[in-house]
Amino acid sequence: MSKSRVTEGTSINVWNAMSKAVEGSSVDTISTFIGFFRDVLRDSLEYKKIDPFREYINFPSRIYSQIVFQRRKNIAAQVLVDQIADQLSLHLKEIIAYYIVFASKSEKNTEAKAEIDVFFYEGFNAFNDFLFRQVMQQDWKLLKSSLTRYSQIGDEVYNGTSLDELKLKNLNEANIDGIDSDEIVSLRTQIKYREAFLRYRRQPLAALKYWVFLLFDNGKITEETVLELLKGFARQFYDANKEIDDLLFFRTGDLQQYMGWENWDYIERPENELYYPPMPSQWMTSGFVIDRIRNNNAYFNSEKIDPAKFSDVPFLYDAVQEEINNLRNNFDKWQKLLNVTDVEEFDGRAIQLLASIALGKRSVIGEKERAIAAAPLNEEQITGFKQQMGAAWKAQTRIRRLFNYFGNIEDVSGQDIKLKLVGQNIFFEKAKIRFIDGEHHSQIYGMEQLGQNVGRWEDDLFLRTIENNNTTIIEGKSLLETLSACLQQLVNSGATPTMIFLEPQFLYKDDVFLSSSRYSQFYDPVLNPDDVNFFVLGTFDQIPIFTSYSQHLKNKVLVSDFGAAFTMLHKTNPDWYENELSVKVLLPSEEQIQEKYEKQPEKWKFTNEGIELSEHDAKTLIRTSIVIDIETIADFRVNDFQKFNIGYITEVIPD
């Protein structure tokens, strides 16, 4: 069981009470809660308590989501849309522009500035989430109002300008006797936290704009809507010298811990295919290319790039080239948004953009690759990667968590029992930079997906195991009908259902199921603090509902006496992550290098600029790659086919 905060019970009661106020369309009560939230946030700033601030700063998003949900159910909730929803962005603006700014101005020392910086981040993070939710609801009127208020968040909290950097440079050069040391420290602090504030304010708008392009590409919004939204963005807080640096941050930063962009999704999963949410590194790169061509902007100043992100420039060049090819192949679709008269004009702008990036790229080609190829692997980097993969795997492995929770998992290490390898062996091109030390070390965004895949594949293996001729199959038109029949069949056979397993889409789009008195979004608190709480999404007849994104649950539901029906067998090793996940990082062997070269010589022998490399140099580039092996060893056993069944939903609710 995880350790709970002292205030956790209080906050749960507050949110539950506020939810009831929304259900009752009580404007006065909701307004009282908003006043309470603002008081808590103000007091949190005064006493520098970040936990309660984080707990309540997202109240606009939570209230807005509940209002939208309630409005779909009951027309009477329109009063909440009219009197509450439009004011939520105003509250966020005032919290940032007044509360946090006031707290910041009253603090002078470095430690206090660092504390306030966290509050600024949480404030903009909350606004970022609130804007995203309005876009996904296509609430354009409210979004326009929110963007207007967002644009009113000025930077008067930091009085410095770009001239501060020149002043700092001059002070450093003149500070021979140390007399200016205190002023230098103060100025550095001012610059650091001013830059952080401007970054927090600037990046959500760039991300939202790029997301809008993704929605258009996937048919979620119209061309006319995109053009209208672009007027609303109006290049707010745009900084040409920071745009490239921001893009490289989007591509290389740890976005799991920043602004929540990794969780953004437009909720559309193709049938009979594995589905993963859109990767920010991809849709932000695509959005950048569209925006640059649309504005005929080829500006790329490598001198302004953070050196820590510079190593991604060659990869950026490749990604931009790929996006340009995609746009050209779909030119008719994109022409109006790209603001070009014909393909020739598009090609001209694209060539200029690529040429500009290529100039920056040249400075990282050559000696760098030779240094990376010759560098030894760093054990600390490998250990950190294993921890990263383990955390990503653990965050996605749902079936394993269920078996641990119900206690029907068996370690068969040392026994002569053949199980299945769940994982993959990957030749990861140009990825050695992640595992070396020194100036060429660089994080690679998105690698956590390797660990996530293993967790998802365990779910797939379990569901494939139970899909055989002995499984009881029950069909129904709707989830409610199917689930009722599945439960009744198990009860009739003498089983006691302990869990329901389904894909989460039913819990946001099946209004009939959601409105059933048998369904509750609240569940037994004993499940809440456990390792399964993040994918328990309520109860049906007081039976917990667990969710998985496995393709094998598409339009299906699994109902079971889980502990009696199944057993998970697995093998462990003390050298693995938590004894369960094997992660190996290896240099490619000479045989692998030769095989890669012989299989695709043209790929390795020519640079993007068309320069032909010798075989030796081409193999040097191959040596900048790495081999990653990541897997678990497990299998599943059905103990009693009378203890579970699978329901098929025949009339699918359209996406």
Side-chain angles (χ1 to χ4, degrees), residues 1-2 256 262-263 265 267 269 273-277 388-411 419-424 448-467 479 483 497-508 521 523-524 526-540 543-563 565-570 572 577-581 630-638 644 646-647:
M1 299 291 182
S2 59
Q256 281 191 321
E262 277 208 341
N263 299 319
D265 201 347
I267 316 297
R269 298 194 300 282
E273 294 181 26
L274 285 175
Y275 173 80
Y276 305 106
Q388 180 189 19
M389 292 302 99
W393 161 75
K394 193 170 183 180
Q396 287 298 323
T397 178
R398 302 189 175 194
I399 279 299
R400 185 181 289 263
R401 289 176 183 237
L402 283 177
F403 277 99
N404 278 312
Y405 182 79
F406 283 98
N408 49 335
I409 185 169
E410 183 178 343
D411 186 351
L419 304 180
K420 293 181 173 64
L421 298 178
V422 183
Q424 56 188 328
E448 61 275 359
Q449 185 168 327
L450 303 179
Q452 293 169 358
N453 286 345
V454 180
R456 295 185 181 110
W457 292 339
E458 286 184 340
D459 287 17
D460 291 343
L461 176 60
F462 168 71
L463 290 163
R464 286 199 307 270
T465 300
I466 66 174
E467 288 179 334
L479 172 61
L483 190 52
T498 59
M499 66 88 75
I500 297 165
F501 205 39
L502 51 75
E503 58 175 338
Q505 65 165 334
F506 292 105
L507 300 182
Y508 67 80
Q521 61 178 316
Y523 48 88
D524 189 337
V526 73
L527 290 169
N528 187 40
D530 199 85
D531 206 24
V532 297
N533 70 310
F534 80 101
F535 63 104
V536 182
L537 297 183
T539 62
F540 186 80
I543 302 168
I545 300 171
F546 300 92
T547 64
S548 171
Y549 288 105
S550 173
Q551 61 175 332
H552 294 276
L553 270 182
K554 186 70 176 177
N555 303 323
K556 301 174 189 173
V557 58
L558 168 67
V559 184
S560 70
D561 178 350
F562 193 78
F566 314 111
T567 298
M568 179 177 182
L569 308 176
H570 72 136
T572 60
Y577 178 84
E578 295 193 353
N579 300 334
E580 295 177 325
L581 180 72
I630 178 169
E631 64 187 17
T632 60
I633 303 177
D635 207 348
F636 301 93
R637 184 172 64 204
V638 177
F644 74 97
I646 294 178

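The analysis underlying the following values was restricted to heavy atoms, covering all of them including side chains, and did not include hydrogens, waters or symmetry mates. Nothing fancy with the numbering, it's 1 onward along the sequence.
A distance of 6.0 Å separates CD in Gln449 from CD in Gln452, rounded to the nearest 0.5 Å. Taken to the nearest 0.5 Å, the CG atom of Leu553 stands 5.0 Å off from the CG atom of Leu463. In this structure, Asp459 CG and Tyr549 OH are separated by 12.0 Å, a value rounded to the nearest 0.5 Å. Rounded to the nearest 0.5 angstrom, Gln551 CD and Lys556 NZ are separated by 9.0 Å. A distance of 15.5 Å separates CE in Met389 from NZ in Lys394, rounded to the nearest 0.5 Å. Atom CZ of Arg637 and atom CE of Met568 lie 12.5 Å apart (nearest 0.5 Å).
Of all non-hydrogen atoms in Ile543 and Thr498, the two that sit nearest each other are CG2-C, 3.6 Å. Closest non-hydrogen pair, Val559 versus Pro497, comes out as CG1-CB, 4.1 Å. Val454 and Leu581 make their closest contact through CG1-CD1, 4.1 Å (heavy atoms, listed as atom of the first residue, atom of the second, distance). Taking all atoms of both residues into account, the shortest heavy-atom contact from Thr632 to Glu580 is CG2-O, 3.4 Å.
Of the candidates Ile646, Ile399, Thr547, Ile399 is the only one forming a side chain to side chain contact (heavy atoms under 4.5 Å, CB included) with Phe501.
With sequence neighbours left out, Asn404 forms a side chain to side chain contact (heavy atoms under 4.5 Å, CB included) with Arg400, Ile409. Under the ring-ring contact (aromatic ring centres under 6.0 Å, His included) criterion, Phe644 pairs with Phe566, Phe641, not counting sequence neighbours. With sequence neighbours left out, the side chain to side chain contact (heavy atoms under 4.5 Å, CB included) criterion links Glu631 to Leu421, Ser582, Asp629. When the salt bridge (charged side-chain N to carboxylate O under 4.0 Å, His left out) test is applied to Glu262, no partner is found at least two apart in sequence or on another chain. Judged as a side chain to side chain contact (heavy atoms under 4.5 Å, CB included), and not counting sequence neighbours, the contacts of Leu419 are Val412, Ile417, Leu569, Lys571, Ile633, Asp635. In this view, Ser560 satisfies the side chain to side chain donor-acceptor pair (under 3.5 Å) rule with no residue, not counting sequence neighbours. Contacts of Asp411 classified as side chain to side chain donor-acceptor pair (under 3.5 Å), with partners at least two apart in sequence or in another chain: Ser413, Thr572. For Arg464, the salt bridge (charged side-chain N to carboxylate O under 4.0 Å, His left out) criterion is met by no residue, not counting sequence neighbours. Applying the side chain to side chain donor-acceptor pair (under 3.5 Å) rule to Gln388 yields the partners Arg434, Glu448; only residues at least two apart in sequence or on another chain are considered. With sequence neighbours left out, the ring-ring contact (aromatic ring centres under 6.0 Å, His included) criterion links Phe406 to Phe562. In this structure, Thr465 has no side chain to side chain donor-acceptor pair (under 3.5 Å) partners at least two apart in sequence or on a different chain.
Side-chain contact between Phe462 and His552 is absent, with no heavy atoms from C-beta onward closer than 4.5 Å. Between Gln424 and Trp457 the shortest side-chain heavy-atom distance falls below 4.5 Å.
When atom types are taken as modelled, the side chain of Glu503 and the backbone of Asn555 share a donor-acceptor pair closer than 3.5 angstrom. A distance-only check finds a donor-acceptor pair linking the side chain of Ser548 to the backbone of Ser550 [under 3.5 Å].
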